[in-house]
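First up is the structure itself, then whatever we jot down about it.
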Amino acid sequence: MKKTKKWLSLLVAAMMALQPLTIHGAAAAEDDVSPPEAWGPLPTETQLQYHEEELSAFIHFGVNTFYGVEWGTGKEDPNVFHPTGLDTDQWVKTLKDAGFKRIIMIGRHHDGFCLWDSEYTTQDVASSTDFQATQAARGQSGDVLEELSKSCTKYDMDMGFYLSPWDANNPSYGYGTGTDEETDSNGDYNEYYMNQLREVLGNPKYGNDGKFVEVWMDGAKGAALLPSIINSKSGLI
C-alpha cells in the first residue's frame, strides 16, 4: 500500500512538472498559426473609422425651427430665420465633451432653405435681412455653415453634410408636365443639386479645416446623383 501511494505521488509530481511545458508548447503552436485570409467585401479605412467612432450627431436646424414644423413647404419666408445668439462653438464643444466624433449638418432640408449663402437660390440665409444685421453686429459671417465649420476646425470635429435630394422651393424639381427624364419640362434638377453640392464641398471655408468626411442623403430622386457625389471627393462616406 505504501509503495502504491509512493508511485502515485511520483506520478502526480511528474504530471505537474510537465504541465507548464504543455501549456508553453500549446501557446507556441498558436503563435505559429496564421490568421485566416480575408473573405468577402472589406471595409475601407474610412468605413472602418466610421464604425469605430460609434457616435455621430445630426444637427437639424433651419427655417423650420422657427416655424415649429418638421417639414416645410418651400414657401417659407427666409426672414423668419433669425437666431439672435448663434453660438456654434457651444454646439461643437458640448458634443465633443460628450464623446461625439463627427457632426452631420443639415445644410438644406426638403423645404429648400440653405444655411449657407448659395449662388443658386435666394431661399437661403443671405435673404434673411434681420439675421444678416444681427450677424454683422455680432461680428459673424451671416453663414451658419461657415460658422459651424470654424467651430469644427477649432475643436477638430469631423463634419458631414446633409443636402436633401428634394427641394420643394426649386422649380426644376420633379418632371413638371412630363412623366420621366425624357419628358421632363422643369429643367435639370440633378445639375442644380450637384452645383450646390460642389459649391459646399469645393469651398475650403466649409468643413473641418476645409474637409468633409461624409455626405448624407435619403431618397427622393437621389439615385442618379450618387456616382457624381462619390467622384466629387475621395474618402467620403
Side-chain angles (χ1 to χ4, degrees), residues 44 46 58-64 70-81 102-128 131-132 141-149 152 158-237:
T44 64
T46 304
F58 254 99
I59 296 182
H60 192 150
F61 182 63
V63 71
N64 290 347
E70 182 179 359
W71 284 18
T73 64
K75 298 179 181 180
E76 288 76 21
D77 177 5
N79 213 43
V80 172
F81 181 83
R102 71 176 64 188
I103 288 172
I104 303 169
M105 185 65 194
I106 303 292
R108 188 198 76 209
H109 204 243
H110 311 323
D111 54 84
F113 183 81
C114 298
L115 287 180
W116 76 99
D117 181 6
S118 176
E119 67 173 284
Y120 299 101
T121 182
T122 57
Q123 192 73 357
D124 61 7
V125 290
S127 296
S128 175
F131 175 60
Q132 293 303 315
S141 66
D143 183 323
V144 177
L145 193 61
E146 181 179 350
E147 292 303 313
L148 180 64
S149 297
C152 284
D158 281 342
M159 274 189 75
F161 181 61
Y162 173 95
L163 189 66
S164 170
W166 177 21
D167 186 333
N169 177 262
N170 190 272
S172 67
Y173 183 81
Y175 299 129
T177 58
T179 57
D180 54 27
E181 295 289 343
E182 293 183 359
T183 60
D184 186 352
S185 64
N186 277 1
D188 192 352
Y189 176 78
N190 284 352
E191 187 58 30
Y192 164 77
Y193 185 94
M194 288 306 302
N195 281 335
Q196 286 200 322
L197 199 59
R198 296 186 192 104
E199 183 177 46
V200 172
L201 298 182
N203 193 324
K205 73 179 180 180
Y206 297 129
N208 175 7
D209 198 22
K211 178 184 176 183
F212 287 91
V213 297
E214 181 173 357
V215 172
W216 209 99
M217 65 189 70
D218 38 33
K221 206 176 181 178
L225 305 170
L226 189 57
S228 298
I229 293 169
I230 292 173
N231 293 329
S232 67
K233 285 280 186 174
S234 61
L236 287 173
I237 290 182

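Heavy-atom minimum distance, G142 versus V125: O-CG2, 3.4 Å. Scanning all heavy atoms of the two residues, the minimum distance from D143 to L145 falls at OD1-N, 3.1 Å. Of all non-hydrogen atoms in W116 and G107, the two that sit nearest each other are CZ3-O, 3.4 Å. Across every non-hydrogen atom of I103 and I59, the tightest pair is CG2-CD1, 3.7 Å.
In this structure, the side chains of Q123 and N170 stay at 4.5 Å or more apart for every pair of heavy atoms. Under the 4.5 Å side-chain criterion, counting only non-hydrogen atoms from C-beta, D111 is in contact with N64. Using a 4.5 Å heavy-atom cutoff, the side chains of H109 and W71 are in contact. Taking 4.5 Å as the limit, every side-chain heavy atom of Y206 sits out of range of all side-chain heavy atoms of F161. In this structure the side chain of K211 never reaches within 4.5 angstrom of the side chain of D158, judged on heavy atoms. At a threshold of 4.5 Å between non-hydrogen side-chain atoms, the residues F113 and N169 do not count as touching. Using a 4.5 Å cut-off on side-chain heavy atoms (C-beta onward), R102 and N208 make no contact.
When the side chain to side chain donor-acceptor pair (under 3.5 Å) test is applied to T121, no partner is found at least two apart in sequence or on another chain. In terms of the side chain to side chain contact (heavy atoms under 4.5 Å, CB included) criterion, residue partners of D209 (sequence neighbours excluded) are, by chain and number, T153. Under the rule for a side chain to side chain contact (heavy atoms under 4.5 Å, CB included), the partners of A168 that lie at least two apart in sequence or sit in another chain are W166. When the side chain to side chain donor-acceptor pair (under 3.5 Å) test is applied to E76, the partners found at least two apart in sequence or on another chain are T73. A search for side chain to side chain donor-acceptor pair (under 3.5 Å) contacts involving D117 returns nothing, not counting sequence neighbours.
The salt bridge (Lys or Arg N to Asp or Glu O under 4.0 Å) analysis of residues 165-176, with sequence neighbours excluded, yields the pairs R108-D167.
Under a 3.5 Å cut-off, the side chain of S127 and the backbone N or O of T122 do form a donor-acceptor pair. E147 places a side-chain N or O within 3.5 Å of a backbone atom of S141 that can act as its donor or acceptor partner. In this structure, D124 contributes its side chain and S118 its backbone to a donor-acceptor pair below 3.5 Å.
With rounding to the nearest 0.5 Å, the separation of NE2 in H60 from CE in M105 is 9.0 Å. Once rounded to the nearest 0.5 Å, the distance linking CG of N79 with CD of Q132 reads 10.0 Å. Distance check: N190 CG to N195 CG gives 11.0 Å after rounding to the nearest 0.5 Å. From Q196, atom CD reaches atom CD of E191 across 11.5 Å, with rounding to the nearest 0.5 Å. Once rounded to the nearest 0.5 Å, the distance linking OG of S172 with CG of D184 reads 8.0 Å.
With ring centers used as reference points, Y120 lies 6.0 Å or more from Y193.
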